[in-house]
Protein chains: 2
Amino acid sequence: MRIPKEENTEKKILAAAREVFHRKGFEGARMQEIADLAGVNKALLHYYYRDKQKLFHAVFRETFPAMIREMTVIFSTDEPLETKISNFFNRHISFLQQNSYIPYFIISSLQQNHQELPEMLKNANPSPYALIRKQLDQEQRSGITEEDFIQFYLNLLSLSVFPFLAKPLIANIFDLNDEDYQSLMEKRKKVLPELLIKSIPKK
Amino acid sequence: MRIPKEENTEKKILAAAREVFHRKGFEGARMQEIADLAGVNKALLHYYYRDKQKLFHAVFRETFPAMIREMTVIFSTDEPLETKISNFFNRHISFLQQNSYIPYFIISSLQQNHQELPEMLKNANPSPYALIRKQLDQEQRSGITEEDFIQFYLNLLSLSVFPFLAKPLIANIFDLNDEDYQSLMEKRKKVLPELLIKSIPKK
DNA sequence: TTACGATTTAACCATTTGATTAAACCATCT
DNA sequence: AGATGGTTTAATCAAATGGTTAAATCGTAA
């Protein structure tokens, strides 16, 4: 058994693949570009991951659950609702600031017919839907319907995720540089809780 | 001069290209698929549009302004603010219901380095930014800063557009079929104005 | 009808790109 | 040292894909 190199090659490849797939999606990514970024011969990608699909899946299997976890972390604590929402935006936007390509990666992956991914949702642990049902039941006191809840959840995600998808467009319209945009997102952590909390029906 | 066929071939090609590029983006689209969908030999695409880039641009040049128009139509009337917002969501969501692939198309186009598109923004008529500045000046009475306004505008777009980008994900989490989703968006036309109007600082 | 130019097609070309192979490399063990 | 087996590379392949070309087709006008 050979001792692994200082920087495990397999992981270097995965990291490079993550980088490239996140930015360009499956169709836009090139095996050669991934190899170059990993500083490694192209044949090594196949040696470790067999083919492009499998390499992509390796990336997807670590990124998708991370995103789901971020999307559902709001249901994991027992804080008062207002605190929960506030915490959610703070944490979620921070996560997106440091992983700003993930939303595009997820959206573009699911847009293409990369199925067998509904599969991953069911296997997700914790299951988003289970968490959401539980949360919903707890809110029954205020007579919130399932549809109200879905709308609320859609709002939550829309407000936090969309600005990272539309950054190229928005930054251009308003002539914002990266720093401007960063500070816009920073302020958003405070603005969004206020906005969303107002929208909740008082019990 | 030849009389155009019953169904102008050039337009049939453009329509097919629109369909395919909208669903799959530039990288995912295949010239052969476009030709097949148009019911036409592949060489004809090159005859009319020279190469893939130019064909893509032909699509982009009609889709992008349509989306910008939809995004800025809110600034074009002189209704009271509440009416304006309500009208915007109604119209914008209806537009998205009938053009549900446009948001993904725009996002994926701008994500790839398809530059020279900042160019298109400036040439856009009416210019989004000019309209927005004008609107902003009118609101000065309530002391709204430019940053407040950008946040507001981001909210407006996030809430209406994101659900169409994330449909594959959301529909899976909540096990919604197309009809369910449609009715969800329908109700959104009423829910969103209430939500956003509450967020506006009273003068 | 014939000639002409615009339109359309089938066949082909060149490049890109994902994938394979055979050989080289190198650390460890005997 | 020499054998062994995992790792890496250079060279090559085959399929996919964007693009080209030369000939066929078709409507129109002379």
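Proteins come first, then strands; the chains are lettered A, B, ... in the order of their sequence lines, and each starts at number 1. Any value given below was found using the heavy atoms of this structure, including those in side chains, with hydrogens, waters and symmetry copies removed.
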Practice problem: Quickly work out the Lys42(A) NZ to dT20(C) C1' distance and round it to whole Å. | Solution: 10 Å

Quiz item: For the pair made of CD in Glu10(A) and P in dT8(D), what is the distance, rounded to whole Å?
Solution: 10 Å

Quiz item: Between Asp178(A) and Lys167(A), does a salt bridge (charged side-chain N to carboxylate O under 4.0 Å, His left out) hold up when you go through it step by step?
Solution: CA-CA 10 Å; Asp178(A) 278 1; Lys167(A) 179 179 169 187; 3.2 Å; yes

Quiz item: Can any side-chain N or O of Glu70(A) pair as donor or acceptor with the backbone N or O of Ile93(A) at less than 3.5 Å?
Solution: no

Quiz item: Aromatic rings Phe56(B) and Phe105(B): how do their planes relate, parallel, tilted or perpendicular, breaks at 30° and 60°?
Solution: tilted

Quiz item: When you measure from the side chain of Ala43(B), which nucleotide among dG18(C), dT21(D), dT9(D) comes out closest?
Solution: dT21(D)

Quiz item: For the side chain of Leu44(A), counting heavy atoms from C-beta on, which of dT9(D), dA19(C), dT7(C) is nearest?
Solution: dT9(D)

Quiz item: Among the nucleotides dG19(D), dT9(D), dA19(C), which one has an atom lying closest to any side-chain atom of Met31(A)?
Solution: dA19(C)

Practice problem: Answer yes when Glu19(B) and Arg23(B) have at least one side-chain N-carboxylate O distance shorter than 4.0 Å, and no when they do not. | Solution: yes

Quiz prompt | Leu45(A) CG - dT17(C) P separation (whole Å) | solution = 14 Å

Quiz item: Between Lys24(A) and Glu27(B), is there a salt bridge with N-O shorter than 4.0 Å?
Solution: no

Exercise. Starting at atom CZ of Arg30(A), determine the distance to atom C1' of dT17(D), rounded to an integer number of angstrom.
Key: 11 Å

Exercise. Mind checking Ala35(A) for me? I need base, sugar-phosphate or nothing, with any heavy atom below 4.0 Å counting as a touch.
Key: nothing

Exercise. Return the value, rounded to whole Å, for the distance between atom CZ of Phe56(A) and atom P of dA19(C).
Key: 14 Å

Quiz item: For Tyr49(B), which contact category applies under a 4.0 Å heavy-atom criterion: base, sugar-phosphate, or nothing?
Solution: nothing

Exercise. Starting at atom NZ of Lys12(A), determine the distance to atom C1' of dT7(D), rounded to an integer number of angstrom.
Key: 12 Å

Quiz item: Hey, is the side chain of Thr9(B) poking within less than 4.0 Å of OP1 or OP2 on dT8(C), counting only N and O atoms?
Solution: yes

Exercise. Could you tell me the separation between the OH atom of Tyr47(B) and the P atom of dA22(D), rounded to a whole number of Å?
Key: 16 Å

Self-check item: Given dT7(D), dA10(D), dG18(D), the nucleotide with the shortest approach to the side chain of Tyr48(A)
Solution: dT7(D)

Quiz prompt | Nucleotide dT15(C), atom P - distance to CG of Asp51(B) in whole Å | solution = 16 Å

